[in-house]
Amino acid sequence: MKIMYVDASVDGHHLIYLNYLLQAVSGDSFAVLPEDTGKVKGRVRKAGTGSIRGFEEYGRWMKELRRIAAEEKPDIIHFLDGDTMMRNMGRGLARFTDSGMVITFHHFFEGKAREISMKRMLRYADAGVFHTETICERAEGFGCKNVKCVPYPCFLDLPPMESGGHRNDPPVLLALGGTRHDKGLDILLKALKDVKAPFQLVIAGKPEDFDEDYIVSHTEKYRDKVRLCLRFLSDEEVKEFLVESDIIVLPYRREFDGASGPMCEGIYLGKTIIGPSHGSLGSQLQSSHAGYTFESENVEQLAACIEYALTHPCVYDETAYQMQKELSPELFAERYLRIYREVVQKKG
């Protein structure tokens, strides 16, 4: 089976996600990326510049993809990040008719225009993949019939761990990942002003909407409790921050609805998770029994939730440990292989 994996980004978890799939699929599968970073575990062909937001850039990207597909003749073309393509309403996808098509969406975006775009894109695809059952149900509510769920896995090269008491005194709260507005770092910084129990806070990831100056100015009340590592993190650094933490805090705004890498990794490592109660994120956290939820964007509730978690670390039950098993990367790859086989059989 020959898969042509397509992504317009090589940041964050993009390459890890890609590499697991490349290693799982036999045959001459390959990746089409804006650059060859030397970290891809397989063959790479280049297309695009890393940005497909503009009308013309997207058109040129599609043209390059069609040329590569015509040369390579893949069994399936897998677009790994349908989210970044949505503003183009499925433009150009109808011309990839010789191969099967899979499109993965990582988040759910509200709004009629997004709904129309998703429906149009999936009209041309053989399968649309989402990472939570809640988002699958919402896509099916739009009338999309080819929806598949593949839970987002933990990509850490570590075995799952048991939960228990906090390993640090005082406990370490971890806010991991880029400081985008939708991830609500500003909400967390406000909430911590009202937390009385002892804590340490680690903020690690690429500075985006909230930079170091903003963070320093908004943590004056508890500055001696804060450690910053504001830059792109290596895989090893991500692993170290996760292992050394006690509580993973996800202060995400309502506009964020999708799988969370730090939450999946935190559950896999037996950590206490604090996250919002809305959408698929809240549903997954509540059903996993792996932590505590608060009303999204409610500073007072978040502060109370943190206060409680600092003195009541989550002790996993059988439900939580079953969720750990569901997050294995091997099962993730197996589920994708099952989808590929179905698509090839359908096209054949």
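None of these values were measured; they are calculated from a predicted model.
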**Message:** Determine whether a donor-acceptor pair (N or O, by modelled atom type, separation under 3.5 Å) exists between the side chain of S260 and the backbone of M263.
**Reply:** yes

**Request:** Determine, for F199 and K225, whether the Lys NZ or Arg CZ falls below 6.0 Å from the six-membered ring centre while staying within 45 degrees of the axis.
**Result:** yes

**Item:** Ring centres under 6.0 angstrom apart (F155, Y20)
**Value:** yes

**Test log, rule side chain to side chain donor-acceptor pair (under 3.5 Å), inputs H278 and Y252** = CA-CA 10 Å; H278 77 275; Y252 299 169; over 6 Å; no

**Prompt:** With a 4.0 Å cut-off, would you call E326 and R335 a salt bridge?
**Reply:** yes

**Request:** State plainly whether the residues E300 and K190 are in salt-bridge range, i.e. N to O under 4.0 Å.
**Result:** no

**Prompt:** Between the main-chain N or O of F294 and the side-chain N or O of Q301, is there a donor-acceptor pair closer than 3.5 Å?
**Reply:** no

**Asked** Does K73 pair with D98 as a salt bridge, N-O distance under 4.0 Å?
**Response** no

**Request:** Would you kindly say whether Y292 and H312 are connected by a side-chain donor-acceptor distance under 3.5 Å?
**Result:** no

**Pair R338 + E334: basic N to acidic O under 4.0 Å** = yes

**Message:** Under a 3.5 Å cutoff, is there a donor and acceptor pairing between the side chains of T104 and Y336?
**Reply:** yes

**Request:** With rounding to the nearest 0.5 Å, note down the distance linking CD1 in I215 to OG1 in T179.
**Result:** 6.0 Å

**Prompt:** How far apart are the C-alpha atoms of L173 and L310, what are their side-chain angles, what is the distance that settles it, and do they pass the side-chain contact (heavy atoms from CB on, under 4.5 Å) test?
**Reply:** CA-CA 9 Å; L173 304 166; L310 287 168; 4.1 Å; yes

**CA sep, side-chain torsions, deciding dist, call: E265, H13, side chain to side chain donor-acceptor pair (under 3.5 Å)** = CA-CA 12 Å; E265 292 158 346; H13 280 85; 2.9 Å; yes

**Message:** Consider ring pair (Phe, Tyr, Trp, His ring centres under 6.0 Å). Of F130, F256, Y17, which one does H106 pass it with?
**Reply:** Y17

**Request:** Determine, for E35 against K46, whether the closest basic-nitrogen to carboxylate-oxygen distance falls under 4.0 angstrom.
**Result:** no

**Prompt:** In terms of heavy-atom contacts, does CZ of R167 have more than 12 from other residues, nucleotides or ligands at under 6.0 Å?
**Reply:** yes

**Request:** Identify the two heavy atoms, one from H131 and one from C149, that lie closest to each other, and give their separation to 0.1 Å.
**Result:** C-SG, 4.2 Å

**Message:** Counting only heavy atoms not in R67 (residues, nucleotides, ligands), do more than 12 fall under 6.0 Å from its CZ?
**Reply:** yes

**Request:** Is it possible for you to check whether R60 lies under 6.0 Å from the centre of the six-membered ring of F55, through NZ or CZ, and within 45° of that ring's axis?
**Result:** no

**Request:** Answer yes or no: does atom CG of D317 have more than 12 heavy-atom neighbours from other residues, nucleotides or ligands under 6.0 Å?
**Result:** yes

**Evaluation steps, salt bridge (Lys or Arg N to Asp or Glu O under 4.0 Å), between D186 and R253** = CA-CA 10 Å; D186 56 324; R253 285 183 157 83; 2.7 Å; yes

**Item:** Under-4.0 Å salt bridge between E307 and K196
**Value:** no

**Asked** Looking only at atom types and distance, does a side-chain atom of E297 sit under 3.5 Å from a main-chain N or O of R254, one as donor and one as acceptor?
**Response** yes

**Prompt:** Where do I68 and V6 land on the side-chain contact (heavy atoms from CB on, under 4.5 Å) test, with the steps shown first?
**Reply:** CA-CA 11 Å; I68 293 172; V6 179; over 6 Å; no

**Asked** Just by modelled atom types, is the S245 backbone N or O under 3.5 Å from a matching donor or acceptor in the K271 side chain?
**Response** yes

**Message:** Keeping D211 on the side-chain end and Y214 on the backbone end, is there a donor-acceptor pair under 3.5 Å?
**Reply:** yes

**Request:** Please answer whether the main-chain N or O of D213 pairs with a side-chain N or O of S217 as donor and acceptor at a distance below 3.5 Å.
**Result:** yes

**Message:** Under a 4.0 Å threshold between the charged nitrogen and the carboxylate oxygen, would E236 count as salt-bridged to K239?
**Reply:** yes

**Message:** Under 4.0 Å between a side-chain nitrogen and a carboxylate oxygen: does that hold for D28 and R43?
**Reply:** yes

**Message:** Run the side-chain contact (heavy atoms from CB on, under 4.5 Å) test on E71 and R45 for me, step by step, so that the C-alpha distance in whole Å, both residues' side-chain angles and the decisive distance to 0.1 Å come before the verdict.
**Reply:** CA-CA 12 Å; E71 293 174 5; R45 296 195 61 169; 2.8 Å; yes

**Request:** Look at the side chain of S277 and the backbone N and O of T293, then say whether any donor-acceptor pair between them is shorter than 3.5 Å.
**Result:** no

**Request:** Identify the two heavy atoms, one from A191 and one from A303, that lie closest to each other, and give their separation to 0.1 Å.
**Result:** O-CB, 3.4 Å

**Request:** Could you tell me whether E140 and K145 make a salt bridge, using a distance below 4.0 angstrom between a side-chain N and a carboxylate O?
**Result:** no

